[in-house]
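The next block holds one structure in the form of structure tokens; read it before the comments.
Just so it is clear, the model here is predicted, and its values are computed rather than measured.
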Amino acid sequence: VGAIRTVLSDDVLRTRLISSARRHAEENFTADAMSTAYAALWSGIDSSRGRRTRPRSAPHDTAGPVNRKDHSGAPRILLITDRKPGMDTGYGMRIANVVAGLRHVGDLHVCLVDSSYGGESLPRDGGYTTSVVRALDPSRLSKLVRTAVSIPDLTYRRAKEVRSDLTDAVGGEVWDLVWCSRIRMHRLSCGIVEGARIVDFDDMNDLLLRTRIKDRTARSGWLSASPRNLADALNVRRWSRLQRSIAEQAERVVVCCEADRIHLGVSDAAIVPNGYRIRSSLARASVPDRPTLLFVGPLTYEPNRLAAEWMSYEVLPRVRACVPEARLVVVGRSHGRSERLRHVDGVELLGYVDSVEPHYSSASLAVAPLWSGSGTSLKAIEALAYSVPLVSTSFGCRGLNVEHGVELLVADDITSFAEHCVRVIRDPDFARQLAARGHTRYRAGLTAEMSSAAVAAVASDVMSKPARSGSRS
């Protein structure tokens, strides 16, 4: 009754749920697909009440049969991922690049381990076969308890059921190559899926936690940050040991940049850089109507939230002291986080948008004020791709091989960062030159096509060599 009242009283929620159900039905008009669509509808209603249930669907949905017998002679490749390929997040972009690269070297099957609220599906016409295994992330209480003895983010609720469903979907056979999109997927599939194995360390998790502790403490203070910092500190060494252990077992591990390879300390780790695919040409105004600093990134990711708060409370007031009409536009899902930023003068929180292009076209500059995280920042690559002047911290452009004053401006203190923003706003000619050189750097090594080519090269190299002893499962 409470769920029905919630849906009837919220027009936006009701429209979203109906659209989600219709999309699922139109993409997969079968009896199984219809049950999945209704599961998505009810899962969304449950989430609106603040709780989650295991989706009422079959353990896996297959868009076309898994290619059990290969008639083409091409290598049979399995990608296990917990994120649908797409352009809505940096991780989704990376998965899309991996899919494109693996399709070039063999017959690809993509297995999505989906723990989203509404239930995701994979495209039926993507040029590869698919299966979906439904799962639920552990509760916050469960994570807190697990932190005392192990890394809490490596498992799911009812893990035995998830592993059983994964076995039904893709187990019981040997693949020529198994690409695990994250360590979590590697751990889940061990003992189930056999084949030469590549594990993608898209994030160096020990570095992520270590930098997040420092960033959180700087923003919130030692006392306020202590509970979360303690939990992260317990997991730093665990992640470090686990990453090195997997690097020794798998045929190959993959990182985003040379800095991550040095941090990992594994010389034969392969580099697959993040890459961005421009969806449409962008016509930028020569002089924007209003000086606009653009920050793109979901605030549900803590390093992004901390960066947006630093920009809003520390940098923007100094920019507005010189350029009173300047504003900071923040684009990305927030789910209620950092709502207090709406009350800061000059800050506009837009939340999720269908397309970022209009916001880049009207921006004076983009900012990447990150102080924590891992890998390479897609928001920085995106700005370079759209020929928008970029001001970043050193950490925000980590691993991109860009130079201060050439492709972007870099500052690691509040005053200098604000001064760089003001310079770009007040000097349009300099801003255009900076953006043009940044776009040249993007074309030279940060495109989605180059990322996919690196994936294909790594996959081909691994399949051409004998497997390591004990590394096939």
For S181 and Y91, run side-chain hydrogen bond (donor to acceptor under 3.5 Å, both in side chains): C-alpha distance rounded to whole Å, both residues' side-chain angles, the deciding distance at 0.1 Å, then the answer. CA-CA 10 Å; S181 66; Y91 185 31; 2.8 Å; yes

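- The distance from the OG atom of S392 to the CG atom of L408 is 6.0 Å, given to the nearest 0.5 Å.
- A salt bridge links R219 with D215: the closest approach of a Lys/Arg side-chain nitrogen to an acidic carboxylate oxygen falls below 4.0 angstrom.
- Under a 3.5 Å cut-off, the side chain of R398 and the backbone N or O of G375 do form a donor-acceptor pair.
- Taking the centre and axis of the six-membered ring of Y156, the NZ or CZ atom of R163 falls outside the cone set by 45° and 6.0 Å.
- With respect to R83 and D114, no salt bridge is recorded, no charged nitrogen being found less than 4.0 Å from a carboxylate O.
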Could you walk me through whether V178 and I77 pass the side chain to side chain contact (heavy atoms under 4.5 Å, CB included) test, one step at a time? CA-CA 6 Å; V178 178; I77 301 174; over 6 Å; no

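- Salt bridge annotation for E407-R441: absent, with no cationic side-chain nitrogen under 4.0 angstrom from a carboxylate oxygen.
- Here K465 does not pair with E251 in a salt bridge; the nearest charged N to carboxylate O distance is not below 4.0 Å.
- The environment of CZ in R238 is crowded: more than 12 heavy-atom neighbours from other residues, nucleotides or ligands sit within 6.0 Å.
- A side-chain donor-acceptor contact under 3.5 Å links Y386 and Y276.
- The pair R252-D200 fails the salt-bridge criterion, with no side-chain N (NZ, NE, NH1 or NH2) lying under 4.0 Å from an Asp/Glu carboxylate O.
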Checking I151 against L242 for the side chain to side chain contact (heavy atoms under 4.5 Å, CB included) test, could you report, in this order, the C-alpha distance in whole Å, the side-chain angles of both residues, the deciding distance, and whether it holds? CA-CA 10 Å; I151 299 173; L242 180 59; 4.0 Å; yes

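- By the 4.0 Å N-to-carboxylate-O rule, R305 lies close enough to E309 to be salt-bridged with it.
- Under the salt bridge (charged side-chain N to carboxylate O under 4.0 Å, His left out) test applied with R184, the options D137, D203, D153 reduce to a single match, D137.
- Using a cutoff of 4.0 Å between basic side-chain nitrogens and carboxylate oxygens, R241 and D206 are not scored as salt-bridged.
- In this structure, R216 pairs ionically with E302, as a charged nitrogen and a carboxylate oxygen lie closer than 4.0 Å.
- From L365, atom CG reaches atom CG of L434 across 9.5 Å, with rounding to the nearest 0.5 Å.
- Using a 4.0 Å cut-off between a side-chain N of Lys or Arg and a carboxylate O of Asp or Glu, D232 and R212 qualify as a salt bridge.
- In terms of modelled atom types and a separation under 3.5 Å, the side chain of S164 and the main chain of K160 share no donor-acceptor contact.
- Ring centers of H439 and Y442: under 6.0 Å apart, within the cut-off.
- Looking at S131 and H109, their side chains do bring a donor and an acceptor atom within 3.5 Å of each other.
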